Protein chains: 2
Amino acid sequence: MDMPVRTSEDVDLDRLSTALGFLMRLAQLKIYERFFEEVGEHHLKPGEFSVLWVILHNPGIRQSVLGQRLMIKRAHMTKLIRALEDQGLVTRQVPDDDRRAVEITLTPAAADKVRQASHWFFTYEDSVGANLTRDERQQLTGLLRKFVGID
Amino acid sequence: MDMPVRTSEDVDLDRLSTALGFLMRLAQLKIYERFFEEVGEHHLKPGEFSVLWVILHNPGIRQSVLGQRLMIKRAHMTKLIRALEDQGLVTRQVPDDDRRAVEITLTPAAADKVRQASHWFFTYEDSVGANLTRDERQQLTGLLRKFVGID
DNA sequence: AAAAATTTGTTTACAAGGAAACAATCTCCA
DNA sequence: TGGAGATTGTTTCCTTGTAAACAAATTTTT
């Protein structure tokens, strides 16, 4: 990896230590870092997985809708989908009722792959926040769901 | 901006909708998006600001320590510090007791600038999570602090 | 004290992601 | 009906951040 070992904890963050945006960024970085440590490169990356997972559960979803829900910009989505297409994981289809749009579907091979990947993906997700109590983890999940406006 | 307007909420996320890592990523993206909408480009970016803020409160802090606390990798820190140096905002000094290290200090001009910037920065930070109740926001902050291991 | 291993910062090459401009299509309304 | 304006996806260029290899300095081992 990269980070050194000698940890000096005596850094004064002042007001930053209670700033919600700052804490969220740190939390996210921590989650990603541990993800790559534990799950490694052998599998799908988190971004790729979430895209494929959502396509699996919403066959024929349009790029724009996918991007809105996962907060992926259109320019970036184009690249992601092309990469997945090049790997033979998704199929693009222009619908008749709106020939600007593109509908995405998983190939059968990809569906299998995603279901397999979901095993270790959600195993990891379940391990996130293990330094919190069961109740705290539950609370945090609920608060984040409200924060981002899911349900 | 970029995101389209027509929002289709009927996307099935299945288990993803309770996955902590996924929710955290979404939350972070939402915060960043709103940051750039509201605060705009006229001021410091959040990453730059946090670096300068921490240097202000820890004069002579070493790059490595700064990086550990803000979870910025060394390769990236080098670039950030050089950019700040080029803007005349920080000073680099190699200490006698360890000539590999670099100690960073703000220039007087930068100290002023950071104190000014802190006004709108923390105003924004205070507005994060406005769709939560006061108690929920408090809870979320506390849980995130425990999650990332601050205090 | 000398060799081996570690730490720190840097460089280089690359991946992830965003902004702006664009073409094609669709919608709305005068 | 026929523009005017909006939406969708794409392309190009740019910013942010990472990985790997490296040099210099320090620490550890023997």
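Naming: A, B, ... by sequence-line order, numbering from 1 per chain. Just so it is clear, the structure is predicted and the values come from calculations on it, not from any experiment. All values below were derived from every heavy atom in this structure, side-chain atoms included, with hydrogens, water molecules and symmetry-related copies excluded.
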Using the closest heavy atom to pick a nucleotide of DNA chain D for each, name whichever of A/Arg62 or A/Leu29 lands nearer the 5' end.
-> A/Arg62
Gap between atoms CG and P, on A/Leu26 and D/dG17 respectively (whole Å) | 13 Å
Is A/Val51 close to A/Glu48 at the side-chain level, that is, under 4.5 Å between some pair of heavy atoms?
-> no
A/Phe122 and B/Leu16: CA distance, side-chain angles, deciding distance, side chain to side chain contact (heavy atoms under 4.5 Å, CB included) verdict = CA-CA 8 Å; A/Phe122 287 112; B/Leu16 218 43; 4.1 Å; yes
Protein-nucleotide distance (B/Gln63, atom CD; C/dT8, atom C1'), rounded to Å | 9 Å
Considering only heavy atoms from C-beta outward, does the side chain of A/Gln139 approach that of B/Leu143 to under 4.5 Å?
-> yes
Rounded to whole angstroms, how far apart are CD1 on B/Ile81 and P on D/dT16?
-> 14 Å
Grab the CZ-P distance between B/Arg99 and C/dG9 for me, whole Å please.
-> 14 Å
To the nearest 10 degrees, what angle separates the axes at the start and end of the helix from C/dA1-D/dT30 to C/dA30-D/dT1, five pairs each?
-> 30°
Could you check how far CG of B/Leu80 sits from P of C/dG9, rounded to whole Å?
-> 13 Å
So, B/Arg92 and B/Asp86, do they make that salt bridge, N to O below 4.0 Å?
-> no
Round to the nearest Å and state the distance from A/Arg92 atom CZ to D/dG9 atom C1'.
-> 8 Å
For nucleotides 11-16 of chain C, 5' to 3', base contacts (B), sugar-phosphate-only contacts (S) and non-contacts (-) with protein non-hydrogen atoms under 4.0 Å give B-B--S
Does a side chain donor of either B/Arg34 or B/Ser127 reach within less than 3.5 Å of an acceptor in the other side chain?
-> yes
For the pair made of CD in B/Glu85 and P in C/dT10, what is the distance, rounded to whole Å?
-> 9 Å
Could you state the OH-C1' distance from B/Tyr32 to D/dT15, rounded to the nearest angstrom?
-> 13 Å
B/Leu106 vs B/Leu89 side-chain heavy atoms within contact, under 4.5 Å | no
Between B/Asn131 and B/Lys30, what is the shortest heavy-atom contact and its length?
-> ND2-NZ, 4.0 Å
Taking it one step at a time, do B/Phe22 and A/Trp53 satisfy ring pair (Phe, Tyr, Trp, His ring centres under 6.0 Å)?
-> CA-CA 12 Å; B/Phe22 174 76; A/Trp53 178 259; over 10 Å; no
Examine the base of D/dT26 for any acceptor or donor lying under 3.5 Å from a partner atom in the side chain of B/Arg100, and report the outcome as yes or no.
-> no
Less than 4.0 Å between a side-chain N and a carboxylate O, is that true for A/Arg134 and A/Asp126?
-> no
Ignoring backbone atoms, test whether A/Ser64 places a side-chain nitrogen or oxygen under 4.0 Å from the OP1 or OP2 oxygen of D/dT7.
-> no
